[in-house]
Structures are given as C-alpha cells and as structure tokens.
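Since the structure comes first, as structure tokens, the remarks are kept for the end.
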Amino acid sequence: MKRMRTTIAMATAALLGACGVFDDDEPEVIEVRTQPTPLAVALPAAATEVGAGWAHTCAVLAGGALNCWGGNQAGQLGNGGAGVPCVEGYSVCSNGPVAVSGTTVWTRVAGGYLYTCAIDNAGAARCWGAGRRGQLGDGNLAGSSVPVAVAGGLTFSQLSGAMGGDLACGIAGGNALYCWGTGYYGQSGIGGYGQTAATPYRVGPAQSFTAVAVGEIHACALDNAGLAHCWGSNYYGQVGDGTRVDRGVPTVTLGGRSYTQIVAGLAHTCALDAAGVAYCWGAGGQIGRASSTSADRSVPTAVDGAQRFVQIAAGGWHTCGIDTGGALWCWGDNTYAQFGDGGGAASLSPRAIAGMPPFVQITAGGAHTCGRTAAGAVHCWGANTYGQSGRLP
C-alpha cells in the first residue's frame, strides 16, 4: 500500500508540472510554480459558475459566454488551441482568461484532466480537449480544440469530469446517469474494466441519480434518496463500502446517510448531509480527521470540528469547503499552496483560511482552488505552472 501511495503522489507532482506531448502521452516534468494567495481573475463579466480541471479553470459569465484559462496543451480551453508558451516554453498556456469558440450560450461547466465539458441553455452537452480515450463523447477517438457535441441528443442538468482521468459523466433527463470515456478500474460503472466508450452509455439503468462526481479512478453519485453510491478503484477505501475491493457497478456506501452533495478527488470522496456535516472516506490525510494520520478509511467518517458547510470541493489531494458564514476551510495536502494561506503546511483537520472573500461557490483542480463571490468575482490560488490560477507566473 505504501508503494502505491508514493507512486501516486509522485505522479501527481509530475502531472502538475508536466509539459511536452499531451493527449494522454507521458509528459515531460518541469518545476511546479505556485500562486500562494488568492488572485483576482480578470474576467470580462461577472461569473455565474466556475469549474476547475486538472490544470485549467473555466467560468460561465453573465449572459452565457464561457472563459477558460490555464493549460491548453490538448485544446482544453476551447479557443482553437491558441496560446502563449508556458514558463519553461515547452507547452501552450493562456496568460489570462480566453473566450471559448462559438456563440453558444452556456449554463454549466466541468473540467477534467486535459478536457472540458459544458452544458448549453438547451441542456445539450459539448466537450473539447483530449479525446483519444473517448472523453469528448462525440463518437470519435480524437481531440478537438473547439467544442464538439456529445452524441445521443441527451438533455443534461449537470456534468462531472474526471480529476486526473479520462471519464466524464452527467445527469440527464429523468435523473438518468450517463458516462463516456475510459475506466480502467471499473469506474465506467457497467461491470467491467478497461472499457472505452466514445458515446454516452447509461450507468445503473434501473436507478435514478441526482448528482455525480468523478475522481481519477473512481466515481460516485447520489440517488433520489440522497444515498451515496460509488464504484471503481477501492484501493484506499474511496468506494466507502467497508472493503478494499474494486467495484465495477454502483455500490451503496455504508452508514445509510442522506447527502446533499458529493465530490471526488484522486483517491478520496467527501459528501455533505442536510445539516452541513462533511463526511469523507478514502486516502488518509484527505479525510479531515487529525486522528487518522495516514490511515485510510473505507467508511464515511465525519470530519473534525463543529463547522457546518454549505458547499465542498475536492482537489487531487485536498478538500475545501464554505461554511454557513461564507468562511473558507481546507484540509489535506497544501504542498502547492492550494489552501491559499500563503504557506505550504498541510492539515489533517479542517483549517479556517483567513483573508478570503465570502465565497458562494468553491471548486478545486489537481492542486489549485478557485472561489466565486456573490458578485461574480473569481479568485484562484495554488499550483500555477500553466496559469490555472488566473495568469502565468
């Protein structure tokens, strides 16, 4: 177990500082640059939603335009592939927000590893970026630097991209869960391993779901009663069923709790109940308990503290949440300043982060975090090799 944990941690650092040939090829490793405190992103209009990918970020703006910033190695910014050299000059990035191509009116956005998916005002989904593993959902195994329509004519209410992986999922009409892309560890959700699907397929055809969250090699969803179901890799207990056995189909987590939100990181899962209590499970260090040290948890466990959250977001190895007063709390890894407190000290328990605006939405990428205020201002911090925090260093 220790060897796998070390391998994944090393891979995380490599991916955060990766440049070179992309679309799922092994990247060249460069130094990770950081933005240690919140940076106000220079958007042309107020943001109504913000979504983080592995090393890029996008925001839906008032009026329905969509701006993205950060890495553009595989066209994940959706602007036709244009950009400027990254810090070391090996790769293409943006030096601030750029407009996604086209005149589509957007309502929702979700980032993945090297791709992005979004929903338009009619509920249709479009994706762009790396596509060799089917993650664009358009029936082709090819990438695109501009939005392409997800096949099937489905109407979606929400989408989730894989944090560090190649799977995308969404909730469509009738609370049906659809996914597309590649699932090596059973995260495809249809009972097998290693499938690649370039068009949407239904997961749990006899089930209805209201929310979905895709990590790197696992995925989770909430059913109509708020029960959490997870599947995929369970090496760290991130499925939450009390075992370490990988699951190829949605498997209900233990505890019988009803949740209102669920999020997934690389190897951990967190969810909120109706009272605002956060529960986490999976890789130790990210589950919000000082007593856990490095111990993994295979069942949902309440995070430390009396704070109550209205929203949470899971990054690669960190989690952040907004409490009922609008204050920000973070826990887990802070190596790349993903807490936004100017330092690099990790925290096993939720730590209040001073000096933040009162956010109404929080999102997290591989090792960066962004918050949106009620007025539509977006602030980002953390890993910034590609400008994913708002501008190139």
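Position 1 is the first residue of the sequence, and the numbers go up from there. What you see below is based on every heavy atom in this structure, not just the backbone, and it leaves out hydrogens, waters and symmetry mates. Because the structure is predicted, anything quoted here is derived from the model rather than measured.
- Under a hydrophobic-cluster definition in which Ile, Leu, Val, Met, Phe, Trp and Tyr are linked whenever side-chain heavy atoms come within less than 4.5 Å, directly or via other members, Leu227 and Leu254 are assigned to different clusters.
- Between Trp317 and Tyr236, the ring planes lie perpendicular to each other; the angle is over 60°, past the 30° to 60° tilted range.
- In summary, the side chains of Thr243 and Asn234 do present a donor paired with an acceptor at a separation below 3.5 Å, with no hydrogens or angles considered.
- The ring pair (Phe, Tyr, Trp, His ring centres under 6.0 Å) test applied to Trp128 returns Trp106, not counting sequence neighbours.
- Side-chain N/O atoms of Asp333 and Gln338 include a donor and acceptor closer than 3.5 Å.
- Between Arg372 and Glu49, none of the side-chain N atoms (NZ, or NE/NH1/NH2) sits under 4.0 Å from a carboxylate O, so this pair counts as no salt bridge.
- For residues 364-393, every residue pair satisfying the disulfide bond (SG atoms under 2.5 Å apart) rule, not counting sequence neighbours, is listed here: Cys370-Cys380.
- In this structure, Arg391 places its CZ atom where only 12 or fewer heavy-atom neighbours from other residues, nucleotides or ligands lie under 6.0 Å away.
- Taking the six-membered ring where tryptophan is involved, the planes of His229 and Phe209 are perpendicular, since the angle between them exceeds 60° and thus also 30°.
- Aromatic ring orientation, Phe309 versus Trp331: tilted (interplanar angle from 30° to 60°).
- By the criterion of side-chain heavy atoms lying less than 4.5 angstrom apart, applied directly or through intervening Ile, Leu, Val, Met, Phe, Trp or Tyr residues, Leu61 is not grouped with Val109; the two fall into different hydrophobic clusters.
- Taking the salt bridge (charged side-chain N to carboxylate O under 4.0 Å, His left out) definition, one finds that Asp120 meets it with Arg126, sequence neighbours left out.
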